[in-house]
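Got a structure here, written out as structure tokens. Questions coming.
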Protein chains: 2
Amino acid sequence: MTEPHPLPARFPVTVDVVALTVRDGALNVLLITRLIDPFRGQLALPGGFVLAGEELLTAAGRELAEETGVGRLPGHLEQLGSYGPKGRDPRGDVLTVAHLLLAPDFPVLAAGSDAAHAAWYPVRQVMNGEVRLAFDHERILSDALERAKSKLEYSPLGAAFCGLEFTIAQLRAVYEAVWGTRLDPRNFHRKATGTPDFLEDTGRMTAGDAGRPAALYRLAEAARPAAGQPARAVLNPPLMRPRD
Amino acid sequence: MTEPHPLPARFPVTVDVVALTVRDGALNVLLITRLIDPFRGQLALPGGFVLAGEELLTAAGRELAEETGVGRLPGHLEQLGSYGPKGRDPRGDVLTVAHLLLAPDFPVLAAGSDAAHAAWYPVRQVMNGEVRLAFDHERILSDALERAKSKLEYSPLGAAFCGLEFTIAQLRAVYEAVWGTRLDPRNFHRKATGTPDFLEDTGRMTAGDAGRPAALYRLAEAARPAAGQPARAVLNPPLMRPRD
DNA sequence: GTATTTATCGTCACCTTGACAATAAGTCGG
DNA sequence: CCGACTTATTGTCAAGGTGACGATAAATAC
């Protein structure tokens, strides 16, 4: 915070959002098809310019809402990190602050804005090169995935992918999709229900599905996002992903 | 990354650095005394404007070097997060990208630049209100401390506070200073030397200090920062700080 | 009703951790 | 040089957590 001798530059600042969800057991990311240059016709992360007087997180939420046509954003939104400003946009130096949304599956209006239209894509298709992203968005997605994976280990945020109430199996499906591994249902059940300040039994059960009905849980009070505060409680000891 | 209807704003972008080190068993942070307004005479994090065509990490390193008079920066520098742009600088909206440096104790030239002069301060003095920081730097410091604490748990970065070679006791002193707890020397020794891909025995020993000489270790090959790559190896299982 | 599916509870061996005893190998003060 | 002291390092042991997997419970599917 010292004044420069050299000329300070002003940069256009954008916010981008890596919105992740689990659909049909697979991790999906929300992408927009760019309708304008640069990268017209290519897929990219949703995002846009920060407006004067706007906070970063607010801007990220606003852009995502605009481009998906969603009213109130579900899930958990947090800052991921900043990229640039050098050499990431052919139009010039642009700084972007990437964000991460972990959310239950929600429907997107394909024609959310006249500049882009949004849809969910399996993350696997991006990672294996089947789908290419504009700008440096593949790198951002890759960082977001690593962040999401590690968040599940030590925070209760896996539940952000579920609705308000969910079964242990649904939560396990989230972990399996994000980590890309299978987990033993019995051991996961033990850990999830045995970890203090994580889950709370609602007393209700599922019905209608195949197999034995499952108990419905919700996030424990201590694990829910307090107003304005960061996510507080941690999983201790953590629920580590298998490393081989 | 969608074009805006509303006017995109251009923001001045600064980089700030929370440089942490351990001196005399206490965690210290590098602060500069502001010689100009705003906040003239107050303490603040070192930092400054990002120049055109400059990367964030580069800018952070450059500013820190300028304000401390240090040639090559020691330790580990990483991005912490971005703050703003709203309401954090009386002169107007400024976005800042905060960084975190974990480094061995290094001497700073008090008169590093004509805009500020730098010195190490015990973190405790800031946290207990004995020393106040300008801008929103207390919040940034607080986020940096939490990041540092958690980094020690699952990454080998505690060693970034030490020199190239260090004893287990020196490393333990780092953990104790950052976490603000005492650790059992015998259990810490077992964990540090027993964790794969963490430490490497140099075969050499300390001499001259009180007590039995200690073996000197260095970071294991796998735990050292590969060129351009993020810090790779993790402590698995992690070395969790005591929670009470 | 029987097979199938999914949920949940238990068991057991192994590993890690926290608490703490014991020993090793220097310096320090005389 | 000696005993006192300091710090490093090796062990021991019990408690807790985890992975592998058996067994049972309670639905749906045929």
Side-chain angles (χ1 to χ4, degrees), chain A residues 24-25 152-154 158 162 165-177 179 181-218 234-244, chain B residues 24-25 152-154 158 162 165-177 179 181-218 234-244:
Chain A
D24 310 314
L152 293 205
E153 293 188 327
Y154 58 85
C162 304
E165 300 190 352
F166 47 88
T167 67
I168 302 291
Q170 285 164 4
L171 185 61
R172 175 166 47 86
V174 166
Y175 276 78
E176 293 182 332
W179 286 350
T181 58
R182 311 301 326 241
L183 298 173
D184 184 286
R186 298 159 290 189
N187 292 338
F188 184 85
H189 189 280
R190 177 180 58 194
K191 178 70 177 175
T193 57
T195 299
D197 294 329
F198 186 20
L199 300 183
E200 212 169 65
D201 198 331
T202 65
R204 291 196 291 152
M205 311 281 289
T206 57
D209 306 322
R212 174 176 169 178
L216 284 167
Y217 292 83
R218 71 170 83 84
V234 289
L235 267 40
N236 187 15
L239 206 174
M240 301 292 283
R241 66 187 121 153
R243 325 233 177 194
D244 304 327
Chain B
D24 309 314
L152 293 206
E153 294 187 328
Y154 57 86
C162 303
E165 300 191 353
F166 48 88
T167 67
I168 303 290
Q170 285 165 5
L171 185 61
R172 175 165 48 85
V174 166
Y175 276 77
E176 293 182 331
W179 286 348
T181 59
R182 311 302 323 245
L183 299 173
D184 184 287
R186 298 159 291 189
N187 291 338
F188 184 85
H189 188 280
R190 177 182 56 195
K191 177 71 176 176
T193 56
T195 299
D197 294 328
F198 185 21
L199 300 183
E200 214 168 65
D201 197 331
T202 65
R204 291 195 291 152
M205 312 281 286
T206 58
D209 306 321
R212 175 175 168 179
L216 284 167
Y217 292 83
R218 70 170 83 83
V234 288
L235 267 39
N236 187 15
L239 205 173
M240 301 291 284
R241 65 187 121 155
R243 324 232 180 198
D244 304 326

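The chains referred to below are lettered A, B, ... by the order of the sequence lines, with proteins before strands, and numbering in each begins at 1.
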I'd like to check B:Lys191 versus B:Pro237 (side-chain heavy atoms, cut-off strictly below 4.5 Å). Are they in contact?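 Answer yes - side chains close enough.
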
Compare side-chain N and O positions of B:Lys191 against OP1 and OP2 of C:dT16 and report whether any pair is under 4.0 Å apart.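 Answer no for this pair, as no side-chain N or O of B:Lys191 is under 4.0 Å from OP1 or OP2.
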
So, do A:Leu199 and A:Leu171 sit near enough that their side-chain heavy atoms are less than 4.5 Å apart? yes

Euclidean distance, atom CG of residue A:Asp184 to atom C1' of D:dA23 [Å, nearest integer]: 14 Å

Determine the minimum heavy-atom distance between B:Arg241 and B:Trp179, stating which atoms define it.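 So the minimum-distance heavy-atom pair works out to CB-CD2, 3.3 Å.
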
On the side chain of B:Arg186, is there an atom forming a donor-acceptor pair with the base of C:dG18 - under 3.5 Å, no angle test?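 Such a pair does not exist between side chain and base.
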
Rounded to the nearest angstrom, tell me the gap between atom CZ in B:Phe188 and atom P in D:dT10.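 These atoms are roughly 15 Å apart.
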
Using only heavy-atom distances, decide whether a donor-acceptor pair under 3.5 angstrom links the side-chain of A:Asn187 to the base of D:dA20.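 Answer yes: a donor N or O sits under 3.5 Å from an acceptor.
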
A:Arg241 CZ to D:dG19 C1', straight-line distance once rounded to whole Å: 18 Å

Rounded to the Å, how far apart are A:Asn236 CG and D:dG17 P?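 To the nearest whole Å, that distance equals 10 Å.
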
Hey, is the main chain of B:Leu216 close enough, under 3.5 Å, to the side chain of B:Thr202 for a donor-acceptor pair?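 Yes, B:Thr202 side chain to B:Leu216 backbone: donor-acceptor pair under 3.5 Å.
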
Closest heavy-atom pair and its distance - A:Asp201, A:Arg218: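 Minimum heavy-atom contact is O-NH1, 4.3 Å.
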
Between B:Glu176 and B:Leu183, is there a donor-acceptor pair closer than 3.5 Å when you use the side chain of the first and the backbone of the second?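 Between the backbone of B:Leu183 and the side chain of B:Glu176 there is a qualifying donor-acceptor contact (under 3.5 Å).
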
Where do N or O atoms of nucleotides 5-7 of chain C meet protein N or O atoms at under 3.5 Å, pair by pair?
unit_1 : atom_1 : unit_2   : atom_2 : d
C:dT6  : O2     : A:Arg212 : N      : 3.3
C:dA7  : N3     : A:Arg212 : NH1    : 3.2

Interatomic distance, A:Met240 CE vs C:dT16 C1' [rounded to whole Å]: 13 Å

Please check: side-chain N/O of B:Tyr175 versus main-chain N/O of B:Leu152, any donor-acceptor pairing under 3.5 Å? yes

Presence of donor-acceptor pair under 3.5 Å, side chain of B:Arg190 and base of D:dG11: no

May I have the distance from B:Leu235 (atom CG) to C:dT17 (atom P), rounded to whole angstrom? 10 Å

Separation of atom OH in B:Tyr217 from atom P in D:dA8, rounded to whole Å: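 B:Tyr217 atom OH is separated from D:dA8 atom P by 12 Å.
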
